[in-house]
2 protein chains.
Amino acid sequence: MTSVLVCDDSPLAREALRRAVATVPGVERVTTAANGEEVLRRWGADRSDLILMDVRMPGLGGVETVRRLLSADPGARIIMLTVAEDLDGVALAVAAGARGYLHKDASRAELRATVTQALADPTWRLAPRRLRSTEMGAAPTLTAREIQVLEGMSHGRSNAEIGRELFLSEDTVKTHARRLFKKLGASDRAHAVALGFRWGLVR
Amino acid sequence: MTSVLVCDDSPLAREALRRAVATVPGVERVTTAANGEEVLRRWGADRSDLILMDVRMPGLGGVETVRRLLSADPGARIIMLTVAEDLDGVALAVAAGARGYLHKDASRAELRATVTQALADPTWRLAPRRLRSTEMGAAPTLTAREIQVLEGMSHGRSNAEIGRELFLSEDTVKTHARRLFKKLGASDRAHAVALGFRWGLVR
DNA sequence: ACGACGGTCACCCGAAAGAGTTACGGGGGC
DNA sequence: GCCCCCGTAACTCTTTCGGGTGACCGTCGT
C-alpha cells in the first residue's frame, strides 16, 4: 500500500497538494498533517512511503522536523516544499537529509513526476533545479493594484478611503475589489482578507 | 551599551514587546527581527545582551534558531516567548539552551522583572513557572462566541449565515461582531479578520 | 491585426453591514 | 449586595458593499 504524507500549515495549499498527489499512479493513500509535530506524533503508528513537507511551518519548522524524523527513521523519504524566499531553509533541509525539494509554483506535472520518481527509486535524490509555471497549489496571481486594494481592506479601510489613498475613484477600487474577489473565490472583503493571509499574499 | 533583541513574526506582538522592553531600566537599545533567519544573519555584526524570541515563527523556528545561535555563540542569552499551546516547543528550546521562557500573556511587570534579572545575572536561568494576566503584547481576549463569529467572517459568511450555523439570531451575531470589533480595534469585518490573523486568533 | 487582460471610471440596485440604543438573565469578583 | 462582563435579542437608521453592465484606453502576446 503506497501512501504519501503531505504536510503544510496552509489549509488551501495542503488540499491542493493532496489532490495533486492523489492523481499520481500507484499512490493509494494520501494523508495530511498541518505541522511538524503532527508528523512526528503520527510517524510511529503510521509510516508513509514519502513525505512532502513545507519548509516554513509554525511550531516545529520543516528543517527541524526532517532532522528529528530521520534520527528516528533514517530511511524516511522526504521532499521539501518551498517558496522562492526561503532557499536557505531548503539547503538546510537537504543537508539534513531531505531527498529533494519542489517549488510551490511547480507545475502539477512536475510535482507528479517528482513524486513518481521518488516512490520508484528508494535511493533517488533530486538534482537541484528551479521550476516555474502556475499550476498546483499556487496562490492566485493578483496584480499589484489588486494587492494594494486587498492590503487597504486588511487595514480596515473603506473603498472610498482606499481610493483616496491610491488616487483612484471609489468605482475603480470597487472594480479591483470585484476582480480580486473572483480570482480568490472570495464572497466578500473579509473572506478575501482571510484568503490573502492564508495564501501569504498579505501580512 | 545594553541592548536587547526582540524576535517575533507577528508585527503587533513585536511592537508591543519592543515598547515593553524599552521601559526596562538599563536597556539602551531594542532591536527587532521578524524571524530566526534574520536573527542569525545579524548576529555576527550586531550582538545583543539578551534575546527575546517567539517559539513559533515561519521559516526557521525558534527552537532551531536557539540551537544554531548557541552553537555559534555559546554565551548568547535567550528567553523564549510562547503561548499556552506550544509547551513542547518551550521544553525543546530550554533543552537546547534557552535561559527561560515567558508566556505571551505575562504581565508587563513580569516581563520587565524577567528581563532585568536576565540582564543582571549572566548565569541566570528561569525556574519554570506559569504566568497569567493580560498586559504586554497579549492578543485581545475574545470569548469563544466572538472567535466563532470571527471564524465565520473569515470563511466569508454573512451575519445571517453565521447565525444559522450557530443557532443564533442575526441580531445576536451582530452584537458579538460589534463587541469583537471594539476589542480588536477593528473598523469593519475585513479589518477584524486581518487582526485575527495577525494576532494568531484564527487560521 | 486582433484579442485578452489590466487600469480607469460610471450608473443602478438590492442586500448587507455597522452604529446606536435598549433589555434581561446569569456568573464572577469585590 | 453590587457591578461588570457575557450571551441573547430586538429595533432603527445610515452607510457601504457587491453584482451587473458598459465603456475607453494601453499593452502584450500571437
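Throughout, protein chains are lettered first and strands after them, A, B, ... in sequence-line order, and every chain is numbered starting at 1.
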task = With DNA chain C as reference, determine whether B/Arg179 or B/Arg189 sits nearer its 5' end, using the nearest nucleotide of each.
result = B/Arg189

message = If you assign each of A/Lys183 and A/Thr175 to its closest nucleotide in DNA chain C, which residue comes earlier from the 5' end?
response = A/Lys183

ask   = When the distance from CG of B/Asp171 to P of C/dA19 is rounded to whole Å, what number comes out?
value = 15 Å

ask   = Using a cut-off of less than 4.0 Å, is there contact between a side-chain N or O of B/Ser169 and OP1 or OP2 of D/dT8?
value = no

inquiry  = Testing A/Gln148, A/Arg157, A/His155 one by one against A/Glu165 for a side-chain hydrogen bond (donor to acceptor under 3.5 Å, both in side chains), which residue passes?
reply    = A/Arg157

inquiry  = In this structure, how many angstroms lie between the P atom of C/dT8 and the CG atom of A/Asn159, rounded?
reply    = 14 Å

query = Is a side-chain donor or acceptor of B/Glu28 paired with a backbone partner of B/Thr2 at a separation under 3.5 angstrom?
reply = yes

task = Using the side-chain hydrogen bond (donor to acceptor under 3.5 Å, both in side chains) rule, pick out the option among B/Lys183, B/Arg179, B/His176 that qualifies with B/Glu146.
result = B/Lys183

query = Under 3.5 Å, is there a donor-acceptor pair between the B/Thr172 and B/Thr175 side chains?
reply = no

query = Does A/His176 place a side-chain N or O at less than 4.0 Å from the phosphate oxygens OP1/OP2 of C/dG6?
reply = no

key: Check: A/Ile51 main-chain N/O paired with A/Ser48 side-chain donor or acceptor under 3.5 Å   = no

inquiry  = I need the CZ-P distance between B/Arg178 and D/dA10, as an integer number of Å.
reply    = 13 Å

ask   = Can you check whether A/Thr143 has a side-chain N or O nearer than 4.0 Å to OP1 or OP2 of C/dG7?
value = yes

message = If I take atom CZ in residue A/Arg145 and atom C1' in nucleotide D/dG26, what distance separates them, rounded to the nearest angstrom?
response = 15 Å

d(NZ, A/Lys174; C1', C/dC11) in whole Å = 10 Å

ask   = Between A/Lys182 and A/Ala160, which is nearer to the 5' end of DNA chain D once each is assigned its nearest nucleotide?
value = A/Ala160

key: Spacing between B/Ile162 atom CD1 and D/dT8 atom C1', to the nearest angstrom   = 16 Å

request  = Rounded to the nearest angstrom, tell me the gap between atom CG in B/Asp188 and atom P in D/dC17.
outcome  = 7 Å

remark   = A/Thr172 has its side chain closest, among C/dC9, D/dT8, D/dC6, to C/dC9

note = From CG of B/Leu142 across to P of D/dG7 the rounded distance in Å is 10 Å

